[in-house]
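Numbers here are sequence positions counted from 1.
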Amino acid sequence: MNRINLITLGVKDIGKSLQFYRDIGFEASVIGDEEKPVIVFFKNEGSKLELFPIDELAKDIDEENPPVLSTGGFSGVTLAYNAKSESEVDHIFESVKTIGATVVKEPKTTSWGGYGGYFLDPDGYYWEVAYGSDWAFDDNNMLII
């Protein structure tokens with residue numbers, strides 16, 4: 001067992017989050033009504049990203065005693081988009097700024113010699129967008145490590 005097929009983000013307002021991710025270029029498969037989806041899957045390369053109402057996600061883990069929902073702060077989890085150039089990083093940051101994403105770290109040269117920064121989605125999930133000059137990608141655009 002050495003695979004991640006799906007990453008689920010528990011979201012407070014699934015419609016708002018769906019629109020945010022569509023605005024930054026994600027193509028979605030929506031289960032339920034477009035205005036009030038039950039669940040959303042994104043058709044991206046590699047692992048799939050899913051949006052699910054956070055209260056329902058907590059109940060799915062344990063219906064009788066769901067985990068306590070976070071009241072904010074850093075959860076220790078980040079999501080990453082590995083770019084193929086510094087200009088791609090800059091382009092993504094320009095795009096997310098136009099839709100109102102909170103940029104928490106403007107792209108710049110990193111301590112490991114790459115280039116990148118961070119922004120927050122509507123639910124406070126941290127996204128890193130980074131480029132490394134020695135990175136290679138497979139036929140599915142997955143980073144080869």
Side-chain angles (χ1 to χ4, degrees), residues 1-32 34 36-62 66-145:
M1 184 172 110
N2 187 12
R3 176 175 67 215
I4 296 174
N5 296 97
L6 190 60
I7 297 167
T8 302
L9 300 180
V11 297
K12 296 173 191 146
D13 182 335
I14 196 166
K16 179 179 179 180
S17 292
L18 170 60
Q19 190 60 52
F20 174 85
Y21 283 99
R22 279 186 167 156
D23 287 347
I24 62 172
F26 282 73
E27 185 181 340
S29 291
V30 176
I31 309 299
E34 277 284 326
K36 190 165 173 135
V38 174
I39 192 168
V40 175
F41 296 98
F42 292 106
K43 301 174 185 175
N44 49 298
E45 298 171 345
S47 298
K48 298 298 183 214
L49 183 65
E50 169 191 358
L51 302 179
F52 197 71
I54 195 164
D55 294 334
E56 295 301 317
L57 184 58
K59 288 181 205 170
D60 190 51
I61 293 169
D62 186 336
V68 176
L69 300 178
S70 172
T71 58
F74 180 53
S75 67
V77 175
T78 65
L79 302 164
Y81 177 92
N82 300 111
K84 295 182 179 177
S85 68
E86 289 185 13
S87 62
E88 185 179 4
V89 172
D90 290 336
H91 174 74
I92 290 168
F93 272 86
E94 290 169 15
S95 296
V96 300
K97 285 178 186 178
T98 65
I99 60 167
T102 301
V103 174
V104 294
K105 181 180 178 183
E106 289 285 345
K108 64 179 186 176
T109 301
T110 65
S111 61
W112 48 269
Y115 180 77
Y118 285 87
F119 69 87
L120 291 171
D121 81 353
D123 286 276
Y125 291 106
Y126 285 83
W127 275 87
E128 177 188 29
V129 181
Y131 163 74
S133 62
D134 59 344
W135 290 352
F137 295 83
D138 67 16
D139 292 339
N140 294 315
N141 277 327
M142 294 300 292
L143 182 64
I144 298 170
I145 298 178

Visitor: Got more than 12 heavy atoms from elsewhere within 6.0 Å of NZ, Lys36?
Guide: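 Counting other residues, nucleotides and ligands, NZ of Lys36 stays at 12 neighbours or fewer.
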Visitor: For the pair Asp123 (side chain) and Tyr125 (backbone), establish whether a donor and an acceptor sit closer than 3.5 Å, ignoring hydrogens and angles.
Guide: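 It does not hold such a pair.
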Visitor: What's the shortest heavy-atom distance between Ala83 and Tyr131, and which atoms?
Guide: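 Looking at all heavy atoms of both residues, the shortest contact is O-CD1, 3.5 Å.
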Visitor: What's the separation between atom CD1 in Ile99 and atom CZ in Phe20, rounded to the nearest 0.5 Å?
Guide: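 Output value for this atom pair is 4.5 Å.
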Visitor: With a 4.5 Å cut-off on side-chain heavy atoms, are Phe41 and Leu6 touching?
Guide: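 Side-chain contact under 4.5 Å: yes.
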Visitor: Under the side chain to side chain contact (heavy atoms under 4.5 Å, CB included) rule, what do Phe52 and Ile14 come out as? Steps first, then yes or no, please.
Guide: CA-CA 7 Å; Phe52 197 71; Ile14 196 166; 5.6 Å; no
Visitor: Return the minimal non-hydrogen interatomic distance between Ile24 and Val96, and the atom names on each side.
Guide: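 The answer is CG2-CG1, 3.5 Å.
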Visitor: Could you tell me the separation between the OH atom of Tyr81 and the CG atom of Leu143, rounded to the nearest 0.5 Å?
Guide: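 One gets 11.5 Å once the value is rounded to the nearest 0.5 Å.
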Visitor: Inspect the surroundings of NZ in Lys84 and state if more than 12 heavy atoms from other residues, nucleotides or ligands are less than 6.0 Å away.
Guide: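 More than 12 heavy atoms, drawn from other residues, nucleotides or ligands, come within 6.0 Å of this atom.
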Visitor: With rounding to the nearest 0.5 Å, note down the distance linking CG in Leu51 to CD1 in Ile31.
Guide: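 Atom-to-atom, Leu51:CG and Ile31:CD1 are 12.0 Å apart.
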Visitor: Could you give the distance from CD (Gln19) to CD (Glu34), rounded to the nearest 0.5 Å?
Guide: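 Those atoms lie 9.5 Å apart.
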Visitor: Over all heavy atoms of both residues, which pair between Val89 and Ala130 is shortest? Give the atoms and the distance, please.
Guide: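 The answer is CG2-C, 3.9 Å.
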Visitor: Taking only residues two or more places apart in sequence or in another chain, which ones pass side chain to side chain contact (heavy atoms under 4.5 Å, CB included) with Ala58?
Guide: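 Partners of Ala58 by the side chain to side chain contact (heavy atoms under 4.5 Å, CB included) criterion, ordered by chain and then number, come out as Pro66, Pro67, Leu69.
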Visitor: Kindly indicate whether the side chain of Leu9, heavy atoms from C-beta on, has any atom under 4.5 Å from the side chain of Asp121.
Guide: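 Heavy-atom side-chain distance check passes, below 4.5 Å.
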Visitor: I'd like to check Glu106 versus Lys97 (side-chain heavy atoms, cut-off strictly below 4.5 Å). Are they in contact?
Guide: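 Yes, side chains in contact.
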Visitor: Check whether the side chains of Tyr115 and Asp90 place a donor and an acceptor atom closer than 3.5 Å, and report yes or no.
Guide: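 On atom types as modelled, these side chains qualify, holding a pair under 3.5 Å.
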Visitor: Just so I know, are the side chains of Thr102 and Phe119 near enough to count as touching, which here means a heavy-atom distance under 4.5 Å?
Guide: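 Not in contact.
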Visitor: So Val103 and Phe93, side chain to side chain contact (heavy atoms under 4.5 Å, CB included) or not? Walk me through it.
Guide: CA-CA 8 Å; Val103 174; Phe93 272 86; 3.9 Å; yes
Visitor: Once rounded to the nearest 0.5 Å, what's the spacing between atom CG of Asn44 and atom CD1 of Ile7?
Guide: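 Going from CG on Asn44 over to CD1 on Ile7, the span is 8.5 Å.
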Visitor: Looking at side-chain heavy atoms only, is the closest gap between Thr78 and Tyr118 below 4.5 Å?
Guide: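 Result yes, sub-4.5 Å side-chain heavy-atom pair found.
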Visitor: Kindly write out the residues that satisfy side chain to side chain contact (heavy atoms under 4.5 Å, CB included) with Lys108, not counting sequence neighbours, or none if the list is empty.
Guide: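 Testing Lys108 for side chain to side chain contact (heavy atoms under 4.5 Å, CB included), a comparison that skips the adjacent residues, returns Lys105.
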Visitor: Might you point out which heavy atoms bring Phe137 and Ile144 nearest each other, and give the distance in Å?
Guide: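 Nearest pair, atom of Phe137 first, then Ile144: C-CD1, 3.6 Å.
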Visitor: Examine the side chains of Glu45 and Asn140 and answer whether a donor and an acceptor come within less than 3.5 Å of each other.
Guide: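 Side chains of Glu45 and Asn140: no pair found under 3.5 Å.
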Visitor: According to side chain to side chain contact (heavy atoms under 4.5 Å, CB included), who are the partners of Ala28, at least two apart in sequence or on a separate chain?
Guide: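 If we apply the side chain to side chain contact (heavy atoms under 4.5 Å, CB included) test to Ala28, skipping adjacent residues, the hits are Leu18, Arg22, Val30, Val40, Phe42.
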Visitor: To the nearest 0.5 Å, tell me how far Asp23 CG sits from Ser95 OG.
Guide: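 So the gap between those two atoms works out to 10.0 Å.
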Visitor: Work out which heavy atom in Ile39 is nearest to a heavy atom in Glu50; give both atom names and the distance.
Guide: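 The pair with the smallest heavy-atom distance is CD1-OE2, 2.7 Å.
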Visitor: Look only at the side chain of Lys59 and the backbone of Asp55, and say whether a donor-acceptor pair between them is shorter than 3.5 Å.
Guide: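 Absent.
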